[in-house]
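One structure is given here, and the rest of the page talks about it.
By convention here, the first residue in the shown sequence is residue 1. No hydrogens, no waters, no symmetry mates; every other heavy atom, side chains included, goes into these values.
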Amino acid sequence: MNSLGDALRAWRNRLDPATVGIPQNVPRRVPGLRRGELAALAGISVEYVVRLEQGRAPTPSAQVCLALARALQLTGDEADHLLRLAGHAAGPGRIPRLIPPSLHRIMQRLTEHPVAVFDAVWDLLHWNPLWSATFGDPTSRTDRNVLFWQFDGKPGRARQSPADRAAFEESLVADLHAATGRYPSDPSIAAVLARLQRSARFRELWARPSVAQHESSHKVVDHPDVGEIPLDCDVLTTQGSNFHVVVYTPSPDTDARGKLDLLAAIGTQQMTPA
């Protein structure tokens with residue numbers, strides 16, 4: 001039986017394309033979203049959607065399941081059901097990963113700032129177009145976890161002074177300590193810790209007893225088209241679900257505002273030759 005594929009197909013057929021902003025210029029032979037439309041909304045390939053619905057794909061990750069849940073506009077109960085069908089238990093003691101509509105509404109109103117939402121262990125769940133234009137398209141990354149980006153030595157566009165980097169890493173690890181206390185039975189905690197133990201710097205910080213929420217940082221983005229963008233970062237953590245809403249604002253007395261406005265206009269398209 002292909003319960004996961006059957007459920008995905010039923011949810012896809014149920015969703016009116018107009019509700020997700022897809023114009024219906026020509027009559028459709030069948031109701032609902034096409035596979036290609038679902039793939040585009042979820043940020044995955046149409047071939048993968050086909051394999052999922054036909055029961056020929058490996059078990060999708062929890063991150064892919066949540067992207068599908070958001071694209072299909074599933075309710076909380078339906079998203080939990082999707083996770084269970086894919087072998088990811090959902091329930092008490094697990095890290096929340098389904099972003100509520102209230103956070104989506106907030107992000108829709110903060111279009112002038114790069115904004116992203118992370119879960120309690122800093123997995124990237126959702127981002128707005130300006131975040132993608134500023135930091136690079138996250139769909140091209142195999143890892144979408146801030147801790148991995150920071151401690152695996154894989155440079156991105158953001159850079160920090162040695163002092164800012166040290167403070168940022170200390171704050172992130174203290175925040176992860178807090179998450180392990182809130183969700184001790186979530187298996188993703190153990191997986192994240194096992195991966196991070198490869199880093200000597202992480203092991204040094206993890207041995208410290210600090211427990212605190214990560215609240216702010218300062219970064220300079222080296223953008224390939226507009227140059228340096230100095231940004232201040234503020235982290236708003238939701239109560240209960242511990243979603244990290246990360247908002248970047250232009251650093252005072254810099255030209256960052258103008259560069260963000262330019263990126264908002266051009267998006268992720270490339271202005272200069274590769």
Checklist entry - Does atom NE2 of His81 have more than 12 heavy-atom neighbours, drawn from other residues, nucleotides or ligands, at distances under 6.0 Å? => result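 No - once you tally the heavy atoms of other residues, nucleotides and ligands closer than 6.0 Å, there are 12 at most.
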
Checklist entry - Leu66 and Leu83: side chain to side chain contact (heavy atoms under 4.5 Å, CB included), yes or no, with the steps? => result CA-CA 8 Å; Leu66 293 168; Leu83 288 166; 4.3 Å; yes

Output yes when [X] and [Y] qualify as a salt bridge under the 4.0 Å nitrogen-oxygen rule, no when they do not.
| X | Y | answer |
| --- | --- | --- |
| Glu170 | Arg208 | yes |
| Arg14 | Glu78 | yes |
| Glu47 | Arg35 | no |
| Glu53 | Arg12 | yes |

I'd like to know if the side chain of [X] reaches the main chain of [Y], judged simply by a donor and an acceptor atom lying under 3.5 Å from each other, with no hydrogens or angles considered.
| X | Y | value |
| --- | --- | --- |
| Ser132 | Pro129 | no |
| Asn13 | Arg9 | yes |
| Thr238 | Phe243 | yes |
| Asn2 | Gly5 | yes |
| Arg144 | Pro138 | yes |
| Gln197 | Ala194 | no |
| His223 | Ala133 | yes |

With side chains defined as the heavy atoms from C-beta onward, is the minimum distance between [X] and [Y] less than 4.5 Å?
| X | Y | value |
| --- | --- | --- |
| Val115 | Ile106 | no |
| Tyr248 | Phe135 | yes |
| Arg159 | Val221 | no |
| Pro114 | Leu260 | yes |
| Tyr183 | Pro96 | yes |
| Leu8 | Leu72 | yes |
| Ser171 | Phe168 | no |
| Asn128 | Thr111 | no |

At their closest point, which heavy atom of [X] faces which heavy atom of [Y], and how far apart are they?
| X | Y | answer |
| --- | --- | --- |
| Asp152 | Arg195 | OD2-NH2, 2.7 Å |
| Pro252 | Asp232 | CD-OD2, 3.4 Å |
| Asn242 | Arg182 | OD1-CD, 3.3 Å |
| Leu38 | Ala71 | CD1-CB, 3.8 Å |
| Lys219 | Ala158 | CD-CB, 4.0 Å |
| Pro187 | Arg94 | CD-NH1, 3.4 Å |

Just checking, any donor-acceptor pair under 3.5 angstrom between side chains of [X] and [Y]?
| X | Y | value |
| --- | --- | --- |
| His113 | Thr249 | no |
| Asp164 | Ser161 | yes |
| Arg257 | Ser251 | no |

Checklist entry - Checking side chain to side chain contact (heavy atoms under 4.5 Å, CB included) for the pair Asp123/Arg97: CA distance, chi angles, key distance, verdict? => result CA-CA 9 Å; Asp123 278 329; Arg97 292 187 170 92; 4.3 Å; yes

According to a 4.5 Å side-chain heavy-atom criterion applied to Ile, Leu, Val, Met, Phe, Trp and Tyr, with indirect links allowed, do [X] and [Y] form part of one hydrophobic cluster?
| X | Y | value |
| --- | --- | --- |
| Leu52 | Val50 | no |
| Leu4 | Ile44 | yes |
| Ile266 | Trp131 | yes |
| Leu110 | Leu236 | yes |
| Trp149 | Val220 | no |

Could you measure the distance from the [atom1] atom of [X] to the [atom2] atom of [Y]? Nearest 0.5 Å is fine.
| X | Y | atom1 | atom2 | answer |
| --- | --- | --- | --- | --- |
| Ile229 | Leu263 | CD1 | CG | 5.0 Å |
| Asp119 | His244 | CG | NE2 | 7.5 Å |
| His177 | Trp206 | NE2 | CH2 | 4.0 Å |
| His214 | Asp234 | NE2 | CG | 9.5 Å |
| Leu196 | Leu205 | CG | CG | 10.5 Å |
| Asp143 | Leu124 | CG | CG | 11.5 Å |

Next on the checklist: Walk me through whether Asp222 and Arg157 qualify under salt bridge (Lys or Arg N to Asp or Glu O under 4.0 Å).
Outcome noted: CA-CA 5 Å; Asp222 284 322; Arg157 291 181 180 177; over 6 Å; no

Next on the checklist: Go through it in stages, so that I can follow the logic: the residues are Leu176 and Phe202, the test is side chain to side chain contact (heavy atoms under 4.5 Å, CB included), and I'd like the CA-CA distance, side-chain angles, deciding distance and then a yes or no.
Outcome noted: CA-CA 11 Å; Leu176 183 60; Phe202 175 80; 4.0 Å; yes

Next on the checklist: Could you check, using the six-membered ring where one of them is a Trp, whether His126 and Phe118 have ring centers closer than 6.0 angstrom?
Outcome noted: no

Checklist entry - Would Trp11 and Asp6 satisfy side chain to side chain contact (heavy atoms under 4.5 Å, CB included), going step by step from the backbone distance to the final call? => result CA-CA 9 Å; Trp11 284 323; Asp6 292 342; over 6 Å; no

